[in-house]
Amino acid sequence: LLAGAKRLGQQTVQAALLAQTAAIIELLLHVPMRIKNLCNLRIGTHVIRGPQGAMHIALPAAEVKNEVAINATLGRETARLIGDYIDRYRPLLTKGENDCLWPGQRAGTPKTDVGLRTQIQDVVADRVGARINPHTFRHLAAYMMLRHDPGCHGAVQRVLGHKSYHSTMTFYSGLETPVALAGYDDLIARQRGDARPAE
């Protein structure tokens, strides 16, 4: 998406919207937050830029549904992409003073959750052929983590900001079953290979 924005060759609202969508998706992949928090991100308050391109996302517990604060330092490439959007493309999407990361049509306001959700759904449907919404990125995070490590429910709890381990188990127990069974199958195969014939 960002490459598509750059290919347009000039800074236009069309290019800026492509870059914005790239930044939204990149952020959701790395910090899978709820739509309300995503919409209301503000530069300098929630999006903290540091020296040498560093970037941190900080949401206090009082602003998060489960009252679990979100604190995430973004990786270099993610920070670079979002920084590029902020510096080069975001100014084309807002007039006057507006610290919203995803500025809305009215001065000083963020993009609405409906607008942001539609933007993501339309682009992903067009590019990937799948219908997903911002909340799907939370499910995707749990799925990817549990497929990689079937026992990492505690890590999933922390990444998704669930207040209790029980919530994580209720929603995501079972996703890890195919990987766990494959791992168990490998264990049996190794045990059979190590077995020595009786003499």
**Student:** Do Asp87 and Arg49 make a side-chain contact, defined as non-hydrogen atoms from C-beta onward lying under 4.5 Å apart?
**Tutor:** yes
**Student:** Quick one: side-chain contact (heavy atoms from CB on, under 4.5 Å) partners of Gln105, sequence neighbours excluded?
**Tutor:**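 Expected list: none.
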**Student:** Evaluate the side-chain proximity of Leu59 to Leu41: yes if any heavy-atom separation is below 4.5 Å, no if none is.
**Tutor:**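 They are in side-chain contact.
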**Student:** Sequence neighbours excluded, which residues qualify as side-chain contact (heavy atoms from CB on, under 4.5 Å) partners of Ala15?
**Tutor:** Ala5, Leu8, Thr12, Tyr89
**Student:** If you measure from CG on Leu93 to NZ on Lys111, what distance do you get to the nearest 0.5 Å?
**Tutor:**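 Going from CG on Leu93 over to NZ on Lys111, the span is 7.0 Å.
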**Student:** For the atom pair CG (Leu28) and OG1 (Thr136), what is the distance rounded to the nearest 0.5 Å?
**Tutor:** 10.0 Å
**Student:** Taking the side chain as C-beta and beyond, is there a heavy-atom pair between Ile188 and Arg192 under 4.5 Å?
**Tutor:** yes
**Student:** I'd like to check Leu140 versus Leu29 (side-chain heavy atoms, cut-off strictly below 4.5 Å). Are they in contact?
**Tutor:**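 Yes. Closest side-chain heavy atoms under 4.5 Å.
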**Student:** Applying salt bridge (charged side-chain N to carboxylate O under 4.0 Å, His left out), can you list everything that pairs with Asp186, at least two apart in sequence or on another chain?
**Tutor:** none
**Student:** Please enumerate all residues that pass salt bridge (charged side-chain N to carboxylate O under 4.0 Å, His left out) together with Arg42, with sequence neighbours excluded.
**Tutor:** Asp99
**Student:** Please collect all ring pair (Phe, Tyr, Trp, His ring centres under 6.0 Å) contacts where either partner lies in residues 34-79, sequence neighbours excluded, each pair once.
**Tutor:** none
**Student:** Would a 4.5 Å heavy-atom cut-off, applied to side chains only, mark Leu116 and Gln121 as touching?
**Tutor:** no
**Student:** For a 4.5 angstrom cut-off between non-hydrogen side-chain atoms, does Val47 reach Ile57?
**Tutor:** yes
**Student:** Please enumerate all residues that pass salt bridge (charged side-chain N to carboxylate O under 4.0 Å, His left out) together with Glu63, with sequence neighbours excluded.
**Tutor:**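 For Glu63 there are no salt bridge (charged side-chain N to carboxylate O under 4.0 Å, His left out) partners, ignoring immediate neighbours.
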**Student:** Output the distance between atom CZ (Arg34) and atom CG (Asp113), rounded to the nearest 0.5 Å.
**Tutor:**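 Spacing of CZ (Arg34) from CG (Asp113) equals 14.0 Å.
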**Student:** Can you spot which of Gln20, Arg80, Glu26, Arg90 makes a side-chain hydrogen bond (donor to acceptor under 3.5 Å, both in side chains) with Tyr85?
**Tutor:** Gln20
**Student:** Under 4.5 Å between side-chain heavy atoms, counting indirect links through other Ile/Leu/Val/Met/Phe/Trp/Tyr residues: same cluster for Ile48 and Leu38 or not?
**Tutor:** no
**Student:** I'd like to check Lys65 versus Lys36 (side-chain heavy atoms, cut-off strictly below 4.5 Å). Are they in contact?
**Tutor:**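 Sidechains of Lys36 and Lys65: no contact.
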